[in-house]
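Read through the structure below, which is laid out as C-alpha cells, and then see the notes.
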Number of protein chains: 2
Amino acid sequence: MVESVKNLSEKLSERGIRPSYQRIKVLEYLVQNRCHPTVDQIFNHLIKEIPTLSKSTIYNTVNLFIESDLLKPIGIEDNEVRYDIDTSDHGHFKCESCGKIFDFAIDIENLTTEDLKGFRINDKSVYFKGICPECLKNKKDNKKI
Amino acid sequence: MVESVKNLSEKLSERGIRPSYQRIKVLEYLVQNRCHPTVDQIFNHLIKEIPTLSKSTIYNTVNLFIESDLLKPIGIEDNEVRYDIDTSDHGHFKCESCGKIFDFAIDIENLTTEDLKGFRINDKSVYFKGICPECLKNKKDNKKI
DNA sequence: TATATATTTGTAATCATTACAAAAACGATA
DNA sequence: TATCGTTTTTGTAATGATTACAAATATATA
C-alpha cells in the first residue's frame with residue numbers, strides 16, 4: 001500500500017497540522033516503515049533525501065504528531081522512545097535477543113479491573129518481553145556446535 | 001508490617017547477595033516505601049542516615065536487585081525509571097495529573113494472544129494512564145470557581 | 001595480621017531529549 | 001509582486017538520567 005504525498009498532506013491538514021515538506025517526509029517514512037523506529041532511525045534515513053535536515057525537526061515533528069493523536073510513543077525500551085503510526089489498540093513484544101519489536105493483537109478494550117473504579121483511563125499499554133522464534137531457533141542451532 | 005534487618009539480610013543472602021549495610025538500607029527503604037520510588041527518591045531519603053552515600057551505590061544496588069529478581073523496573077515514565085519491590089503480577093496506573101503510580105490487580109497470567117505462538121515470553125507489563133479519583137475531584141472543584 | 005576480593009564512592013563520560021534563538025520558509029494582504 | 005507577520009526549521013547549548021571507571025574503603029580468608 002503506497003500512500004501518495006497528496007493523501008499524506010491531507011491527513012496532516014485534517015488534524016490541523018500544516019503539511020510542510022519535512023512533516024510529509026516524516027509521515028511518509030512512518031507509514032512505509034512500520035518497524036517502530038527511533039528518532040535516530042527516522043533522522044538517518046531522511047538525511048539522505050534532505051541534506052539540511054536537523055534532528056530537532058524530527059523531535060518537533062514526532063511530538064507534534066503525538067499531540068495530534070497521529071502517532072503513539074512506545075516506552076518498551078529503557079533508553080530511547082520508539083514510535084508507532086498504528087494507533088489502534090494492540091500489544092508490543094520486544095525480543096531481548098535481537099531487539100526487534102513485534103505487534104500483536106490483544107483485547108485491550110476488555111482489559112479492566114475492579115481496582116480502578118473511579119479512575120479515568122486515557123491510555124492502556126501492554127508490553128511483553130522475551131525471545132522471538134527466529135532467535136530461539138538460532139540459539140538451538142548454536143547449541144549443536 | 002515491619003521487617004527486621006535480620007530478615008532483610010537473610011533475604012539478600014538467599015539470593016546470593018552479600019548483605020552490606022548499604023544494600024540492607026536500600027532494601028529496607030524499598031520494603032517500607034512501596035511508592036515505586038526513583039533512584040533520586042531512594043538516594044535523597046537514605047543520604048540522611050548515611051552521609052557518605054553515593055548515588056552510584058543506589059544505581060549499583062537496584063541493578064543488582066533487578067538481576068536477582070528481587071526488584072522490578074517500571075518503565076511507565078518516559079524520563080526516569082521507577083522500581084517496584086512487589087514482583088508479583090500486577091498492573092500499574094500512572095495519574096497524568098499528580099504523577100502518582102497505583103498498583104492494580106489484573107490477570108496477566110491469562111493475558112495471551114495467538115499472534116505470539118512460538119515466542120518465549122519472559123515478562124509481561126500492563127501500564128494504564130489517566131486521572132486518579134482525587135485529581136478528578138479537584139478538577140471538578142476548580143470548575144466551580 | 002597480611003592479602004586477596006568485593007563494595008562503595010566520586011567524578012567524568014555518555015546519550016537521548018529539550019530549550020532557545022537565529023535563519024529560512026510561508027501566507028496573507030495591499 | 002513586494003512587504004510584513006507568523007510558522008517552521010535549523011544548529012547549538014543545556015539538561016538530566018544513567019553508566020563507566022578508577023581510587024578508596026570494607027570485608028573475608030588464610
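Letters A, B, ... mirror the listed sequences (proteins, then strands); counts begin at 1.
- Taking 4.0 angstrom as the limit, S20(B) places none of its side-chain polar atoms (N or O) nearer than this to OP1 or OP2 of dA26(D).
- The shortest distance between the side-chain N/O atoms of Y59(B) and the OP1/OP2 oxygens of dT19(D) is not below 4.0 Å.
- Between the P atom of dG11(D) and the CG atom of N60(A) lies a distance of 13 Å, rounded to the nearest Å.
- Checking dG11(D), dT18(D), dT9(C) against the side-chain heavy atoms of S54(B) singles out dT9(C) as nearest.
- DNA chain C is contacted by both N63(A) and T52(B); T52(B) maps to the nucleotide lying nearer its 5′ end (nearest heavy atom per residue).
- When heavy atoms are screened at a 4.0 angstrom cut-off, T38(B) is found touching no nucleic acid atom at all.
- The CD atom of E80(A) sits 14 Å away from the C1' atom of dT18(D) (whole-angstrom rounding).
- A single hydrophobic cluster is seen to contain both I74(B) and I74(A), as judged by linkage of ILVMFWY side chains at heavy-atom distances under 4.5 Å, directly or through other members.
- The side chain of Q22(B) places an N or O atom within less than 4.0 Å of a non-bridging phosphate oxygen (OP1 or OP2) of dT9(C).
- Spacing between atom CD1 of I58(A) and atom C1' of dT18(C) amounts to 15 Å, rounded to whole angstrom units.
- Comparing Y21(B) and V81(B) against DNA chain D, the residue whose closest nucleotide sits nearer the 5' end is V81(B).
- Protein atom CD1 of I17(A) is 22 Å distant from nucleotide atom P of dT6(D), rounded to whole Å.
- Taking atom CD of E77(B) as the reference point, atom P of dG16(D) lies 15 Å away to the nearest angstrom.
- Side-chain polar atoms of H92(B) and D84(B) form a donor-acceptor pair below 3.5 angstrom.
- Distance CD1 (I42(B)) to P (dA17(D)): 14 Å, rounded to an integer number of Å.
- Among the protein residues, T57(A) comes within range of the nucleic acid bases, having at least one heavy atom under 4.0 Å from a base atom.
- In terms of polar N and O atoms assigned as donor or acceptor, the side chain of S56(B) comes within less than 3.5 Å of the base of dT11(C) in a complementary pairing.
- A close approach under 4.0 Å does occur between a side-chain nitrogen or oxygen of R23(B) and OP1 or OP2 of dT8(C).
- Of the candidates dT9(D), dT8(D), dT9(C), dT9(C) carries the atom nearest the L53(B) side chain, counting heavy atoms from C-beta on.
- Rounded to whole Å, the distance from CZ on F43(A) to P on dC15(C) is 16 Å.
- R15(A) places a side-chain heavy atom less than 4.5 Å from the side chain of D69(A).
- Put simply, the side chain of R82(A) gets close to the backbone of H36(A): a donor and an acceptor are under 3.5 Å apart.
- Using a 4.0 Å heavy-atom distance criterion, D40(A) is classed as making no nucleic acid contact.
- At a threshold of 4.5 Å between non-hydrogen side-chain atoms, the residues R34(A) and D103(A) do not count as touching.
- In this entry the distance linking NZ of K25(A) with C1' of dT8(D) reads 18 Å, nearest Å.
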